[in-house]
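Down below is the structure, laid out as structure tokens.
Keep in mind that the numbers below use all heavy atoms, side chains included, and drop hydrogens, waters and symmetry copies. By convention in this document, chain letters (A, B, ...) are assigned in the order of the sequence lines, proteins followed by strands, and residues within each chain are numbered from 1.
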Protein chains: 2
Amino acid sequence: MEDTSSLGQFEQLVLTAVLSLGDNAYGVTIHQKVEVLNHPKAAALGAVYVTLDRLEDKKLIASKLSDPTPERGGRAKRFYRLSEKGERALKDAAATARRMCDVLESSWGEGAWKPVRTR
Amino acid sequence: MEDTSSLGQFEQLVLTAVLSLGDNAYGVTIHQKVEVLNHPKAAALGAVYVTLDRLEDKKLIASKLSDPTPERGGRAKRFYRLSEKGERALKDAAATARRMCDVLESSWGEGAWKPVRTR
DNA sequence: TCATTATACATACAATGTTGGACATATGGA
DNA sequence: TCCATATGTCCAACATTGTATGTATAATGA
């Protein structure tokens, strides 16, 4: 009975990054993915970590610490994955985003995909 | 040199509503449109007005007060329209939303609308 | 003039966004 | 050995947005 909360803009991007990265989702890669999505706006690494923390508090993602890798500076990484709750929340957010895009495209007539007006 | 601000989730919906309503965009109609976009989540009317104020402060929209209409309770309405700056900001936001949707759809494979894979 | 309707606006608080840097741990080379 | 450097995590403070709830204004019709 507390399912009413909706995701913020940045939260959506972070969740999307986690989902799309599969089993390689940790701070640095998530940050990179978010920057691609959010282009041309930059995102601070710290912002990503803060958001990951909050999403984990809300049980939308879960994490586990890995073993360190044998690279220069290869510190232990914390890997994330979506929970079912997170997946549901992201689906809702995506549906809204989609509705918005559709309305905008029809208002702007960016119609590469629209029915061709023959004549 | 202060063009870095990005739109929040609700701001995007409000701007979209204003754009799509053309010359009939005022508090009540905007609220209705936003609720459609944001379904199934409800939005308070007050939230819409607050957001409109803030968007106007940021010069993303402009408003003018109309004459009252001769209906029961027909108080003067404040009509809104997007500024050029607002249109640009909304386009940026839409591009990000679109990228997100694309990534999600390809992660989930929800392809009903996708280019038909002929055989 | 008073109840009712439609609309706008105000205030306060909660949630999210953003910055900047501190901390931790590994490697490689002087 | 020990320090410079690379990879990563996390915290604290502040700024911006989101949301709920209440108040104000102006018109109509009884």
Side-chain angles (χ1 to χ4, degrees), chain A residues 2-15 17 21 24-32 34-35 37-38 41-58 60-61 63-80 89 93 96, chain B residues 2-15 17 21 24-32 34-35 37-38 41-58 60-61 63-80 89 93 96:
Chain A
E2 31 56 34
D3 208 11
T4 325
S5 84
S6 77
L7 300 169
Q9 182 65 18
F10 201 71
E11 290 178 314
Q12 295 180 204
L13 296 179
V14 169
L15 285 180
L21 285 165
N24 192 35
Y26 68 99
V28 174
T29 53
I30 294 170
H31 176 231
Q32 289 166 351
V34 165
E35 289 221 305
L37 289 170
N38 206 30
K41 224 184 155 302
L45 229 199
V48 171
Y49 283 107
V50 170
T51 301
L52 285 169
D53 277 0
R54 289 171 182 167
L55 289 172
E56 189 161 25
D57 284 348
K58 292 196 284 183
L60 299 181
I61 54 180
S63 74
K64 69 172 204 287
L65 214 53
S66 75
D67 295 326
T69 54
E71 311 161 60
R72 181 89 131 105
R75 188 185 168 180
K77 298 165 187 168
R78 180 175 295 280
F79 286 97
Y80 291 91
T96 291
Chain B
E2 29 58 32
D3 208 14
T4 326
S5 83
S6 78
L7 299 169
Q9 182 64 19
F10 201 70
E11 290 179 314
Q12 293 179 206
L13 297 179
V14 168
L15 285 180
L21 284 165
N24 193 36
Y26 68 98
V28 173
T29 54
I30 294 169
H31 176 232
Q32 289 166 353
V34 166
E35 290 220 304
L37 289 169
N38 206 30
K41 225 185 154 306
L45 227 199
V48 171
Y49 283 109
V50 169
T51 301
L52 286 169
D53 277 0
R54 290 170 182 166
L55 290 172
E56 188 161 25
D57 285 348
K58 292 194 286 182
L60 299 181
I61 53 177
S63 74
K64 69 171 205 287
L65 214 51
S66 74
D67 294 326
T69 53
E71 312 160 60
R72 183 92 131 106
R75 186 182 169 181
K77 297 167 186 164
R78 180 174 298 278
F79 287 96
Y80 290 90
T96 291

Please report the closest heavy-atom contact between [X] and [Y], naming both atoms and the distance.
| X | Y | result |
| --- | --- | --- |
| A:Ala76 | A:Ser66 | CB-O, 3.3 Å |
| A:His31 | A:Ala44 | NE2-C, 4.0 Å |
| A:Val48 | A:Gly27 | CG1-O, 4.3 Å |
| B:Ala43 | B:Glu35 | N-OE2, 2.7 Å |

Inset, instruction - Determine: side-chain N/O of B:Lys77 to OP1/OP2 of D:dA26, distance under 4.0 Å, yes or no. - result: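 B:Lys77 to D:dA26 OP1/OP2: no side-chain N or O under 4.0 Å.
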
Inset, instruction - Considering just the side-chain nitrogens and oxygens of A:Tyr26, establish if one lies under 4.0 Å of OP1 or OP2 belonging to D:dG8. - result: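 True: A:Tyr26 side-chain N/O within range (under 4.0 Å) of D:dG8 OP1/OP2.
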
Legend entry - Qualifying residue, where the test is side chain to side chain contact (heavy atoms under 4.5 Å, CB included) with B:Leu13 and the options are B:Leu37, B:Ile30, B:Leu7: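 Running side chain to side chain contact (heavy atoms under 4.5 Å, CB included) over B:Leu37, B:Ile30, B:Leu7 with B:Leu13 returns exactly one hit, B:Leu37.
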
Legend entry - Option passing side chain to side chain contact (heavy atoms under 4.5 Å, CB included) with A:Ile61 (candidates A:Leu55, A:Asp53, A:Val14):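 For A:Ile61, the side chain to side chain contact (heavy atoms under 4.5 Å, CB included) check succeeds only for A:Leu55.
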
Legend entry - Partners passing side-chain contact (heavy atoms from CB on, under 4.5 Å) against A:Ser63 (at least two apart in sequence or in another chain):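 If we apply the side-chain contact (heavy atoms from CB on, under 4.5 Å) test to A:Ser63, skipping adjacent residues, the hits are A:Glu56, A:Arg78, A:Tyr80.
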
Inset, instruction - Answer with base, sugar-phosphate or nothing: what part of the nucleic acid does A:Gly27 contact at a heavy-atom distance below 4.0 Å? - result: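 It contacts sugar-phosphate atoms only.
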
Could you state the atom-to-atom distance from [atom1] of [X] to [atom2] of [N] in whole Å?
| X | N | atom1 | atom2 | result |
| --- | --- | --- | --- | --- |
| B:Leu15 | D:dG18 | CG | C1' | 15 Å |
| B:Ile30 | C:dA8 | CD1 | C1' | 12 Å |
| B:Ile61 | C:dA8 | CD1 | P | 12 Å |
| B:Leu52 | C:dT7 | CG | C1' | 13 Å |
| A:Leu55 | D:dC10 | CG | C1' | 15 Å |

Legend entry - Residues in side chain to side chain donor-acceptor pair (under 3.5 Å) contact with A:Gln32, at least two apart in sequence or another chain: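 A:Gln32 satisfies side chain to side chain donor-acceptor pair (under 3.5 Å) with no other residue.
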
Inset, instruction - Using heavy atoms to find the nearest nucleotide of DNA chain D for B:Ala43 and A:Ala47 separately, return the residue whose nucleotide is more 5′. - result: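 Taking each residue's closest nucleotide, the earlier one in sequence belongs to A:Ala47.
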
Inset, instruction - Just report the end-to-end axis angle for the helix from C:dT1-D:dA30 to C:dA30-D:dT1, five pairs per end, to 10 degrees. - result: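 Angle reported: 10°, given to the nearest ten degrees.
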
Between the protein and nucleotides 23-28 of chain C, list every N/O to N/O distance that falls short of 3.5 Å.
from	atom 1	to	atom 2	distance (Å)
C:dA24	N3	A:Arg75	NH1	3.2
C:dT27	O2	A:Arg72	NH1	2.5

Legend entry - Set of ring pair (Phe, Tyr, Trp, His ring centres under 6.0 Å) partners for B:Tyr26, sequence neighbours left out: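 B:Tyr26 satisfies ring pair (Phe, Tyr, Trp, His ring centres under 6.0 Å) with B:Phe79 once adjacent residues are dropped.
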
Inset, instruction - Step by step, work out the side-chain contact (heavy atoms from CB on, under 4.5 Å) result for A:Lys41 and B:Thr96. - result: CA-CA 10 Å; A:Lys41 224 184 155 302; B:Thr96 291; over 6 Å; no

Inset, instruction - Spell out, as yes or no, whether a donor-acceptor pair under 3.5 Å connects the side chain of B:Thr51 to the backbone of B:Glu11. - result: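 No, because the side chain of B:Thr51 does not come within donor-acceptor range (under 3.5 Å) of the backbone of B:Glu11.
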
Dump the pairs, protein N or O against N or O of nucleotides 14-17 of chain D, anything under 3.5 Å, distances to one decimal.
from	atom 1	to	atom 2	distance (Å)
D:dT17	OP1	B:Lys58	NZ	2.9

Inset, instruction - Among C:dC9, C:dT19, C:dT11, find the nucleotide with the atom closest to the side chain of B:Tyr49. - result: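 In terms of side-chain proximity for B:Tyr49, the closest of C:dC9, C:dT19, C:dT11 is C:dC9.
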
